[in-house]
Number of protein chains: 4
Amino acid sequence: MGKAARKRAYILEKAKGVFMEKGFIAVTMKDIVDACNISRGGLYLYFSSTEEVFLALFLREAEYEQQRMEIAIWENLPAKEILLDYLEKRKKLILKKSPSLTQAGHEFLTRNSDAQMIKKWQFDGIAEMLRGLILYGIQTKEFKQVDAGTWARHIALFLYGLELTAQSLDLHEGIVDEQINFTIRGLV
Amino acid sequence: MGKAARKRAYILEKAKGVFMEKGFIAVTMKDIVDACNISRGGLYLYFSSTEEVFLALFLREAEYEQQRMEIAIWENLPAKEILLDYLEKRKKLILKKSPSLTQAGHEFLTRNSDAQMIKKWQFDGIAEMLRGLILYGIQTKEFKQVDAGTWARHIALFLYGLELTAQSLDLHEGIVDEQINFTIRGLV
Amino acid sequence: MGKAARKRAYILEKAKGVFMEKGFIAVTMKDIVDACNISRGGLYLYFSSTEEVFLALFLREAEYEQQRMEIAIWENLPAKEILLDYLEKRKKLILKKSPSLTQAGHEFLTRNSDAQMIKKWQFDGIAEMLRGLILYGIQTKEFKQVDAGTWARHIALFLYGLELTAQSLDLHEGIVDEQINFTIRGLV
Amino acid sequence: MGKAARKRAYILEKAKGVFMEKGFIAVTMKDIVDACNISRGGLYLYFSSTEEVFLALFLREAEYEQQRMEIAIWENLPAKEILLDYLEKRKKLILKKSPSLTQAGHEFLTRNSDAQMIKKWQFDGIAEMLRGLILYGIQTKEFKQVDAGTWARHIALFLYGLELTAQSLDLHEGIVDEQINFTIRGLV
DNA sequence: TATGAATGAGTGTTCATTCAT
DNA sequence: GATGAATGAACACTCATTCAT
């Protein structure tokens, strides 16, 4: 990795904290500059707007997460275990008090309807992944014979909505657990 | 209605368009001034911040909607019909292509955790209403013997998330229908 | 007194409280409007700036005070008693916590070097009055044989300065008494 | 002196002219910006309010003057000569036709009762200094056996008041001389 | 006369963006 | 490449002043 690439990676890493803290809209170039401890002009050598920073960050995160997921799925672990792991991970994000990258991504989408990549990642990719998992669970008899596509989309949408709203609605852990268990019971 | 009240109502009406267009965070007093075709100072005679405008607007909308709902529920129609009507109404909001006040309300909540009124309206009130409806449906044997509270919260959360995300995710009507029907099938 | 004159007098009375509270510079037409409980436009029917209000007020006060003084002096009271009374009156103004009309007048003079009337009243008139009093006291052998003009101007300047600075310097009563007694001792 | 310090010094120098011209209350950040020929935002890099500018300016001036004074006092010159020099210096300030920083400082104190530094400089410090000088003069038999504290405060107050009022009252040099000589005669 | 809604100019303050070093 | 000082546009907010009623 060249020096420039390393600097870009550094900026994205620091920016991630900022976006997780403040969402997307409220973030200014100054926030990122401050978080990175670099000069105002320095940031502009690599990115020329918060949009650009966020897109690059989101792309990086998406690629990374995609890999982690595929590995987990194809390790032949029990479907139920994979699902529980996944839900557990989402639950942590949901219960986090500060905005998540999901929230920032949502704010970004609200203003930039043509950000296909984010759209794909925030929903399509996850729904597809869940569908694969459900089909696999049906095959291993762990799950009921349900319509995998519909269920996958339902879970994806439900979790996405839950993550966006949990903090603003002040949902406590009890309700989040209740809702997640409710979802699993429908499937298993 | 006095002159001042009429002017307030006029401002709220114009501001509604602005909030539906741009959400809450991105709206400035100047946006509202421009939409109303009044002077900068003129707006300050009625409202002194975007927060104040939005709260007044939201309260007005909430009161109006509340009335519509209560009437429908207490007309003793079959539970299933009331639910379908309600879901149909939400579906229309969900499929509307331009941003709704729900999105603006969500942004408001993201920055203003103490806006109890909005929180109540966006979620608590609706969950409670749905719970009453489900209990009523169970009593009339229209619905299965389910945990009314859990289901009510599930539907409320799911619809809220769906409304927030539908446009940004570009969900087409097929998927929205699929998801709504899926929800009803679980209940009936 | 006609209706208009009565209204003018009313406005001046209320404005006096405002100027005593806030000095001259910080007072806005809105402050006066609020204190008078009249409409914005209404005030403009009588005065078209804070300058105008203040000048009218100062003139009125000056005329009133002038009369009181002259009466006291020509009642043939002992010179020392008249002087003590006068100093006692000034002391009260000096120890008052909020700005006095003197302070407001000073602020006015700072911005309007051509306000001869105020200048005359704040200093020349008082010096002249004190000079008459000192001459009278010398004649009645109550005061030493001093240069009446110089002493009069000294006392006038000293009291004026003391009144302006007492609050901002946080002078407590002990120091004010000390300084006033010091002045009297030089004379008697 | 670094570049930033030089710029700060430049701003203070230009601001000094503004404060001497307009006092403190009437000065806006725009006035300072215009006097410095810099951009609106540029000023905010160094100071974020007129208060801040003025305090920095006053501190600088105070430090400079303090040094001059201490040197004069401890050079063991005759007390009378030091006093005359000091009064001569004050007389120049008093007769200067344009407003002085003293007026601005006074306005600042009027609105900002907790500016101890200014209070100390405008009065306490000077009274203390004069007291030391009078005691020294009594010791060398140059001055009469007077109450040094009372006299020191009297002179400090009198000069302060004189400086504030001289221009607004349009006192000509004859009167200022008369008053200063009068003060000296009381002491020597 | 009297009202008070309405205006718009002026000021404070923040930030994206540029540029000399 | 890197810096950070500087700029200026944009927005929040206040207030003197006007004007239709």
Side-chain angles (χ1 to χ4, degrees), chain A residues 2-4 6-8 11 26-34 36-53, chain B residues 2-8 10-11 26-34 36-53, chain C residues 2-4 6-8 11 26-34 36-53, chain D residues 2-8 10-11 26-34 36-53:
Chain A
K3 208 179 161 196
R6 224 166 32 242
K7 185 78 172 266
R8 269 180 75 94
I11 292 172
V27 171
T28 69
M29 288 298 263
K30 186 175 184 300
D31 290 328
I32 299 176
V33 157
D34 289 348
C36 293
N37 248 321
I38 59 172
S39 67
R40 270 165 135 69
L43 179 54
Y44 279 86
L45 292 176
Y46 297 92
F47 303 98
S48 48
S49 66
T50 53
E51 273 85 359
E52 235 175 60
V53 180
Chain B
K3 209 181 160 195
R6 216 159 48 237
K7 185 74 173 272
R8 264 180 79 95
Y10 168 77
I11 292 173
V27 171
T28 69
M29 288 298 263
K30 187 173 184 300
D31 290 329
I32 299 176
V33 157
D34 290 346
C36 293
N37 248 321
I38 59 176
S39 66
R40 269 165 170 317
L43 177 54
Y44 281 87
L45 292 176
Y46 298 92
F47 302 98
S48 46
S49 65
T50 52
E51 272 86 1
E52 219 173 292
V53 180
Chain C
K3 208 179 160 195
R6 223 164 37 240
K7 186 76 172 268
R8 268 180 75 94
I11 292 173
V27 170
T28 69
M29 289 298 263
K30 187 174 184 299
D31 290 327
I32 299 177
V33 156
D34 290 348
C36 294
N37 249 321
I38 60 174
S39 67
R40 271 165 135 67
L43 178 55
Y44 279 87
L45 292 176
Y46 297 92
F47 303 97
S48 48
S49 66
T50 53
E51 273 84 0
E52 237 176 60
V53 180
Chain D
K3 209 180 159 196
R6 218 159 46 236
K7 186 74 173 272
R8 264 179 79 94
Y10 168 78
I11 292 173
V27 171
T28 68
M29 289 298 264
K30 187 173 184 299
D31 290 329
I32 300 177
V33 157
D34 290 346
C36 294
N37 248 320
I38 58 175
S39 66
R40 270 166 165 325
L43 178 54
Y44 279 87
L45 291 176
Y46 298 92
F47 302 99
S48 47
S49 66
T50 53
E51 272 85 1
E52 220 174 293
V53 180

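In what follows, every chain begins at residue 1, and chains take the letters A, B, ... in the order their sequences are listed.
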| note | Nearest heavy-atom approach of C/Thr50 to C/Thr28 is CG2-C, 4.0 Å
| task | Nearest whole angstrom, please: distance from the C1' of F/dA10 to the OH of D/Tyr44. | result | 14 Å
| request: Would you check if the side chain of A/Asp34 reaches a backbone N or O of A/Asp31 as a donor-acceptor pair within less than 3.5 Å? | output: no
| field | Nearest heavy atoms of B/Lys7 and B/Ile38, plus distance in Å | value | CE-CG2, 4.0 Å
| note | From CZ of B/Arg6 across to P of F/dT21 the rounded distance in Å is 13 Å
| said: With rounding to the nearest 0.5 angstrom, report the CZ to CE distance, D/Phe47 to D/Met29. | reply: 9.0 Å
| query | Could you give the NZ-to-P distance, from B/Lys30 to E/dT13, as a whole number of Å? | reply | 21 Å
| query | Can you give the dot-bracket line for DNA chain F, using ( ) for pairs inside the strand, [ ] for pairs that cross earlier ones, | for pairs with another strand and . for unpaired bases, where Watson-Crick and G-U count if both distances are under 3.5 Å? | reply | .||||||||||||||||||||
| query | Can you check whether A/Glu52 reaches A/Tyr46 side chain to side chain, under 4.5 Å on heavy atoms? | reply | no
| said: Measure CG/B/Asp34 against P/F/dC11 and give the value in whole Å, please. | reply: 9 Å
| Can you tell me how far C1' of F/dA16 sits from CD of C/Glu51, to the nearest Å? | 12 Å
| So what does A/Ser48 hit on the nucleic acid, given a heavy-atom distance under 4.0 Å: a base, only sugar-phosphate, or nothing? | sugar-phosphate
| task | Could you pick out which residue, A/Val27 or D/Thr50, lies toward the 5' side of DNA chain E when each is mapped onto its nearest nucleotide? | result | D/Thr50
Detail all sub-3.5 Å separations between protein N/O atoms and N/O atoms belonging to nucleotides 6-8 of chain F.
| from | atom 1 | to | atom 2 | distance (Å) |
| --- | --- | --- | --- | --- |
| F/dA6 | OP1 | D/Lys7 | NZ | 2.5 |
| F/dA6 | OP2 | D/Lys7 | NZ | 3.1 |
| F/dA6 | OP2 | D/Tyr46 | OH | 2.5 |
| F/dT7 | OP2 | D/Ser39 | N | 3.0 |
| F/dT7 | OP2 | D/Ser39 | OG | 3.0 |

| Which comes earlier along DNA chain F counting from the 5' end, the contact point of C/Asp31 or that of D/Ala4, where each point is its nearest nucleotide? | D/Ala4
| message | Return the CG to CD1 distance between B/Leu43 and B/Ile11, rounded to the nearest 0.5 Å. | response | 5.5 Å
| message | Can you measure D/Ile32 atom CD1 to E/dT13 atom P for me and round it to whole angstrom units? | response | 12 Å
| field | Distance, rounded to the nearest Å, where B/Met29 contributes CE and E/dG12 contributes C1' | value | 16 Å
| remark: Sorted by chain and residue number, the side chain to side chain contact (heavy atoms under 4.5 Å, CB included) partners of C/Glu51 (sequence neighbours excluded) come out as C/Phe24, C/Ser49, C/Phe108, C/Asn112
